[in-house]
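Model, not experiment: these values are computed from the prediction. All chains are named by letter (A, B, ...) in the order of the sequence lines, taking the proteins before the strands, and each is independently numbered beginning at 1.
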Amino acid sequence: MKQVTLVMGVVGADVHAVGNKILNFVFTEAGFKVVNLGVMVTQKEFVEAAIEAAADAIIVSSLYGHGEIDCKGLRDKCDEAGLKNIKLYAGGNLVIGKVSFEEVEARYKEMGFDRVYPPGTDPKTAIEHIKQDFGM
Amino acid sequence: MKEKLQNKKWDEDYFHSVRKEVLKAWKTGHNLNLEEAFSYQKQIPAEKNFSKKLQEADEKGITLTQPRAGVALADKHLELLTYLEEKGNADLLPSTIDSYTRHNKYEEAQVGIEESIAKNRSMLNGFPAVNHGVQVCRNITSSLKSPVQVRHGTPDARLLLEITMSGGFTSYEGGAISYNIPYSKNIPLEKTIYDWQYVDRLIGLYEEQGIRINREPFGPLTGTLVPPCISHTVAIIEALLAAEQGAKCVTVGYGQCGNLIQDVAAIKSLKKLTKEYLKKAGHEDVLVTTVLHQWMGGFPADESQAYGVISLGAAAAALSKATKVIVKTPHEAMGVPTKEANVSGLLATKQMVSMLKDQSLLNVKEVELEASQIEKETNAIMSKALELGEGDLAIGAIRAIELGILDIPYSPSKYNADKLFPARDNSGAVRILDMGNLPFNAEIKEFHAEKLKDRAKIENREVSIQMAIDDIYAVSMGVLIGGRNAI
């Protein structure tokens with residue numbers, strides 16, 4: 001079976017590196033091919049890395065609250081670049097203020113994300129979902 | 001023409017030539033007049049001066065409370081700070097700056113301001129002071145009763161400093177290492193040391209006018225199991241660099257690790273070492289105060305559990321006689337808090353520091369032993385850094401980071417060696433699992449190795465990186481030491 005390739009990183013001007021380092025570690029352990037772009041990644045860098053690596057999914061993290069501004073238009077950029085059906089995942093502290101997770105999830109799905117995760121999600125949950133989504 | 005980087009006080013003419021360029025970066029800086037800024041600062045009443053309030057607290061031996069807070073729009077920001085001052089009894093106020101401003105992305109901060117107006121909620125995670133400009137800052141700082149500090153995370157914080165000091169703020173957080181390595185990806189340390197020399201030189205110029213601005217190196221760094229010797233070394237280096245440019249009031253910081261003995265010992269040794277190094281460098285006239293930051297790692301999502309973490313931090317601050325404590329909120333796990341949550345954290349903290357005001361753990365034997373351990377480790381790193389710089393601290397700091405002599409765990413910066421891995425010992429104190437290139441002697445290495453072996457034995461597993469990863473999640477899961485269950 002083909003190995004699933006993930007492009008991951010922390011979007012925008014966000015420098016939260018701890019979760020990024022841990023996700024890189026656990027996704028690699030889980031058998032995925034991980035292209036980790038680290039922190040402060042632009043939409044353009046995500047798209048270019050996904051094309052370069054022929055990625056199956058882009059995993060976007062955001063911890064600092066500007067996620068809504070930073071993620072707007074990513075789905076369109078993917079479509080324009082020919083990444084028509086690429087899976088988009090987002091997780092972290094995705095908005096500013098205390099907003100229910102249902103509301104956050106709805107906002108991000110509206111923006112074209114396939115799966116959305118609240119802060120403190122066990123990485124195992126995401127690993128299970130990735131395996132499901134790619135029939136592993 | 002840029003001079004060769006060294007830890008040497010900038011010539012004033014040189015400062016002014018650089019300043020011309022700095023002020024061009026955004027329109028609010030264009031007509032900034034330094035003489036006018038001095039006159040404005042001189043008429044600020046003493047009770048609104050950060051340094052004076054810290055000095056009084058230091059003399060009384062009490063611990064002041066300070067929240068973090070900042071929103072996009074000026075009226076909302078003032079409303080927020082007023083609320084924290086009135087309802088939360090905050091002694092010192094902040095203005096936390098948004099992340100676009102921190103990266104000098106003023107165009108994007110402008111979009112954030114406009115979207116915040118359109119959507120009637122803050123779309124930025126802080127107050128974009130540069131975009132708002134001097135007059136808006138003055139309206140805010142003059143409308144509050146307490147002194148206000150700029151808290152940010154800006155590698156190039158020169159224009160932000162110019163605007164906020166002219167805007168009536170009296171304290172400035174950050175430093176060349178502490179606002180670079182934990183806050184950026186690609187910025188060389190040479191650049192931030194140079195840019196922060198500018199910051200400290202301007203603060204020196206204010207000082208020469210009789211205006212004392214407080215400087216606070218950012219203590220917690222990445223907030224992720226940073227061993228005290230690492231954060232102490234950074235704080236001391238930044239205090240020395242600031243003093244060289246003329247700063248006279250420095251607050252050195254530390255992020256709560258969670259073991260009470262280690263936390264008290266850390267504040268105790270931090271104050272002692274900073275004073276010693278300043279004195280050795282001929283800066284004994286610098287006032288040194290301390291700040292403890294409540295737990296900077298992941299928080300439990302449950303608000304009652306979060307109060308437990310907040311209160312433990314408040315206890316560590318009071319029992320170590322830290323001059324101030326930076327307060328977390330019960331919404332920490334979810335991101336930027338509401339003002340009500342911020343007040344809750346402040347009041348819980350105020351209750352603790354008031355109850356513990358007349359108690360101290362500073363002279364307990366275990367604290368003294370731990371403090372002396374931290375001192376040995378910090379001195380080892382400092383002396384190697386000075387040696388590498390052939391006597392020049394600016395050069396020494398750059399080489400120490402490059403070689404991993406000074407290594408900040410979990411940093412986003414590519415300039416950090418990233419070889420050090422910390423983990424907790426059996427009592428929850430932060431030890432070093434992988435030393436990387438720290439310049440420690442056999443005795444210190446043995447001390448850490450033994451502590452971790454003891455833990456491994458109790459947990460019936462090998463000492464491994466998995467231990468370190470478990471520790472990162474532990475507090476949010478309700479315990480201090482990773483992989484254990486809440487009782």
Side-chain angles (χ1 to χ4, degrees), chain A residues 8-30 36-43 45 61-73 90-104 107 117-125, chain B residues 71-72 98-105 108-109 111-112 115-116 119 121-126 153 155 180-186 222-225 297-301 330-341 408-414 416 418 465-466 468-469 472-473 476-477:
Chain A
M8 60 174 280
V10 187
V11 70
D14 193 343
V15 295
H16 284 95
V18 181
N20 174 263
K21 285 178 200 253
I22 292 173
L23 282 182
N24 186 10
F25 182 80
V26 296
F27 285 160
T28 307
E29 289 275 293
N36 183 17
L37 304 176
V39 300
M40 291 183 78
V41 182
T42 62
Q43 289 192 4
E45 287 169 325
S61 302
S62 177
L63 270 292
Y64 72 153
H66 293 187
E68 277 183 279
I69 297 179
D70 295 335
C71 290
K72 206 162 123 185
N93 291 323
L94 293 169
V95 298
I96 295 200
K98 195 160 181 166
V99 181
S100 75
F101 178 66
E102 288 69 31
E103 167 71 24
V104 175
R107 286 186 200 167
Y117 299 93
T121 304
D122 188 329
K124 287 193 198 86
T125 311
Chain B
V71 289
D98 72 287
S99 292
Y100 292 138
T101 303
R102 295 178 188 200
H103 294 281
N104 312 105
K105 295 181 172 183
E108 278 156 282
V111 171
E115 292 221 359
S116 302
K119 294 194 173 165
R121 60 185 166 96
S122 183
M123 295 294 286
L124 295 176
N125 62 358
N180 175 345
I181 305 298
Y183 281 102
S184 74
K185 187 175 180 177
N186 288 321
T222 55
T224 308
L225 304 174
F299 256 65
H331 285 178
E332 177 61 26
M334 302 303 292
V336 180
T338 61
K339 61 183 195 295
E340 292 81 8
I408 301 171
Y410 301 101
S411 294
S413 172
K414 70 175 188 191
N416 191 64
D418 256 351
I465 298 291
Q466 190 59 46
I469 291 179
I472 289 170
Y473 285 97
S476 61
M477 312 276 281

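- Across all non-hydrogen atoms, the minimal contact from A:V15 to B:Y183 is CG1-O, 3.0 Å.
- Proximity to chain A is limited to the backbone of B:S184, based on heavy atoms less than 4.5 angstrom apart.
- For the atom pair CD1 of A:I69 and OG of B:S116, the computed distance is 7.0 Å after rounding to the nearest 0.5 Å.
- Atoms NE2 and NZ, on A:H66 and B:K105 in that order, are 11.0 Å from each other to the nearest 0.5 Å.
- The part of B:A333 that comes within reach of chain A is its backbone (N, CA, C, O), which places non-hydrogen atoms under 4.5 angstrom from that chain.
- If you measure heavy-atom distances from B:E108 to chain A, you find no contacts under 4.5 Å at all.
- In this structure, CG in B:N186 is found 7.5 Å from CE in A:M40, a value given to the nearest 0.5 Å.
- For B:P409, no part sits under 4.5 Å from any heavy atom of chain A, backbone or side chain.
- Contacts between B:R102 and chain A at a heavy-atom distance below 4.5 Å are absent for every atom of the residue.
- To the nearest 0.5 angstrom, B:T224 atom OG1 is 9.0 Å from A:H16 atom NE2.
- In this structure, chain A has no heavy atom under 4.5 Å from any part of B:S476.
- In this structure, chain A has a heavy atom under 4.5 Å from the side chain of B:I472, while its backbone stays farther away.
- Between A:Y64 and B:Y100, the ring planes are perpendicular. Angles over 60° get that label, and only those under 30° would be called parallel.
- For B:Q466, the part lying under 4.5 angstrom from a heavy atom of chain A is the side chain only.
- Of the listed residues (B:T222, B:I465, B:I469, B:L124), the one with the most heavy-atom contacts under 4.5 Å to chain A is B:L124.
- When B:S413, B:G297, B:S411 are compared by the number of non-hydrogen pairs under 4.5 Å with chain A, B:S411 comes out ahead.
- Taking every heavy atom of both residues into account, B:Y473 and A:P123 meet most closely at OH-CG, 3.7 Å.
- Only the side chain of A:F25 comes within less than 4.5 Å of a heavy atom in chain B; its backbone stays farther off.
- Rounding to the nearest 0.5 Å gives a distance of 6.5 Å between NZ of B:K185 and CG of A:L37.
- Rounded to the nearest 0.5 angstrom, A:L94 CG and B:M334 CE are separated by 9.5 Å.
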